J.: 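Let me begin by handing over the structure; questions about it come next.
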Amino acid sequence: MNMQQAIKMTAAETALVDAYTAQIGDLPGDGAVLSLRDTLVHELRTAGLPTRRIESWHYTDLRTLLRAVPAADASAFADRVEAVVPGSSVLAVRSGQADLKSLPRGVTARSYTESLLDGSAVVGLTVLGADDAIGRINGGLVRGGLEVTVAENVELEAPLEIQVVQSHGQAHTRFPVFFGAGSKATVIERHLSTSAEASFVSTVSDVTLAEGADVIWIILQQQGMADTHLGQIRFDLGKDAKLHLFVINAGGKLVRQEIHGKASGEGADLTLRGINLLGGESHTDVTFTLSHDVPHTTSSEIIRNVVFDRAKGVFQGKILVAKDAQKTDAKMSCNTLLLSDDADFSAKPELEIFADDVQCGHGATVIDIDHTQLFYMLARGIPENKARAMLVNAFVAEIVEELEDDEELVEALEGIISAWLEKHA
């Protein structure tokens, strides 16, 4: 007789299961949602957190890296935070509580808690396969978030900022967002901490673009240096839909940002740009998958990484081209500026192609600062710290400058990046 021996849970795994047990009578949801929560937490208990033996987590052994999880604190309170771009419409979730006071015309929203309570959320509380630890943790513990719809042919004049602000403890949020046909919008999904106390955050955004929608979506992650951030965005692009996705990681102790998308309609186009600013002893992992499912779709991905101190970074990118996805045009690159002998960055770009009429390619580079350029600037009286920061800033600036149609947004993001670099360079 074969008997499967249960794994011995780590302190972090135990804390997550205990967090669910302690809140089981208080977590929102109808019978179907609560049953699904039980299943997800049971899977977490029996399988444990992923280790390096799982291919998609090979460079981020979550079971080893996640050593502790702060207890959930219902009394946690986060202060109001000003928008990145003045004049933006702000939808805030502070310490799990939604604030829906600022809705622009053509946008409807409700608290995700309502979707959990009436059971409509159960359809979206799915995991992306057996290795989806983020989906499992979030689905089991999610309390709030926002469900947002942008109506057909609506063009938002100002950015829509979705703020997720946490002071300490745990926060588990979800954001289903639907863009109607022909709509156009800029959305800033911003995650930040307002205290030095440790937080454990999981978040999942489900983004759907209908035919002809044109969306700029910016993920701005500014967690505290003691925080764990497990983020996931899932997107589905309809016919002729365009998604310009920008990911900026400028904080966090342990960060895993997953990006999973599908080009489902002909003419769909994805532009992904990423900036990872890594310092201290942080560990940041950006894992990306994109499935080109139909003919005549395009995608372009450029990731820029700046790594200081003893930080470790990861980029895993995988483009899948289906057999019927002829005329696919997909290009992916990962460029890293490694600025310390103790720093580390792993890049793993992949292509999996089943069609025969495509243009696809990928590449990765790792470099140091050009010392000729540094000498040139020092010779002109620029202090070394300032010169290094300027050169590093130039390395990532062209990514932000692609948003040139919105000068205020470019200025705001450049200010955040410059402030981070001046602190660490």
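These numbers were taken from a predicted model, which means no experiment stands behind them.
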J.: Could you go step by step and tell me if H260 and T289 meet the side-chain hydrogen bond (donor to acceptor under 3.5 Å, both in side chains) rule?
T.: CA-CA 5 Å; H260 302 296; T289 63; 2.7 Å; yes
J.: Is the shortest side-chain N to carboxylate O distance from R388 to E422 below 4.0 Å?
T.: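 Salt bridge flag = no for E422 with R388.
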J.: Can you tell me if CD on E350 sees more than 12 non-hydrogen neighbours from other groups inside 6.0 Å?
T.: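 Counting other residues, nucleotides and ligands, CD of E350 exceeds 12 neighbours.
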J.: Can you confirm whether L141 sits close enough to I137 that some side-chain heavy atom of one is under 4.5 Å from a side-chain heavy atom of the other?
T.: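 Of all side-chain heavy-atom pairs linking I137 with L141, at least one is under 4.5 Å.
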J.: Salt bridge or not for K331 and D329, using N-O below 4.0 Å?
T.: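 Salt bridge: yes.
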J.: Hey, mind stepping through L44 and L49 against side-chain contact (heavy atoms from CB on, under 4.5 Å) and telling me if it holds?
T.: CA-CA 7 Å; L44 176 63; L49 294 171; 3.8 Å; yes
J.: Exactly one of N138, D132, T287 should register a side-chain hydrogen bond (donor to acceptor under 3.5 Å, both in side chains) with Q232. Which one does?
T.: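 The passing option is D132.
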J.: Report the C-alpha separation of I162 and R190 in whole Å, then their side-chain angles, then the decisive distance to 0.1 Å, and conclude whether the side-chain contact (heavy atoms from CB on, under 4.5 Å) test is met.
T.: CA-CA 6 Å; I162 299 175; R190 188 181 182 195; over 6 Å; no
J.: Looking at side-chain heavy atoms only, is the closest gap between L270 and L237 below 4.5 Å?
T.: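 In short, these two side chains touch, coming nearer than 4.5 Å.
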J.: Can you tell which of E352, E55, E258 makes a salt bridge (charged side-chain N to carboxylate O under 4.0 Å, His left out) with K318?
T.: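 Per the salt bridge (charged side-chain N to carboxylate O under 4.0 Å, His left out) rule, the option paired with K318 is E352, out of E352, E55, E258.
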J.: Taking C-beta and beyond as the side chain, do E301 and L290 meet within less than 4.5 Å on heavy atoms?
T.: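 SC-SC contact between E301 and L290 confirmed.
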J.: Assess the residue pair D118 and R110 against the criterion (salt bridge (Lys or Arg N to Asp or Glu O under 4.0 Å)); give the C-alpha distance rounded to whole Å, side-chain angles, the decisive distance to 0.1 Å, and a yes or no.
T.: CA-CA 12 Å; D118 66 23; R110 70 169 181 166; 3.1 Å; yes
J.: Kindly indicate whether the side chain of E161, heavy atoms from C-beta on, has any atom under 4.5 Å from the side chain of V84.
T.: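 Yes. Closest side-chain heavy atoms under 4.5 Å.
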J.: Among Q326, E266, H292, K262, which residue meets the side-chain hydrogen bond (donor to acceptor under 3.5 Å, both in side chains) test with T297?
T.: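 The option that passes is H292.
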J.: Is the cationic atom of R304 (NZ for Lys, CZ for Arg) positioned less than 6.0 Å from the six-membered ring centroid of F395 and within 45 degrees of its normal?
T.: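 Yes - R304 lies over the ring of F395, closer than 6.0 Å to its centre and within 45° of its axis.
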J.: Can you check whether Q223 reaches H229 side chain to side chain, under 4.5 Å on heavy atoms?
T.: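 Heavy-atom side-chain distance check passes, below 4.5 Å.
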J.: Side chains of F354 and V321: does their closest heavy-atom pair fall under 4.5 Å?
T.: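 No - every pair of side-chain heavy atoms lies 4.5 Å or more apart.
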J.: With a 4.5 Å limit on heavy-atom distance, are the side chains of L243 and W217 in contact?
T.: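 With C-beta onward as the side chain, the pair touches.
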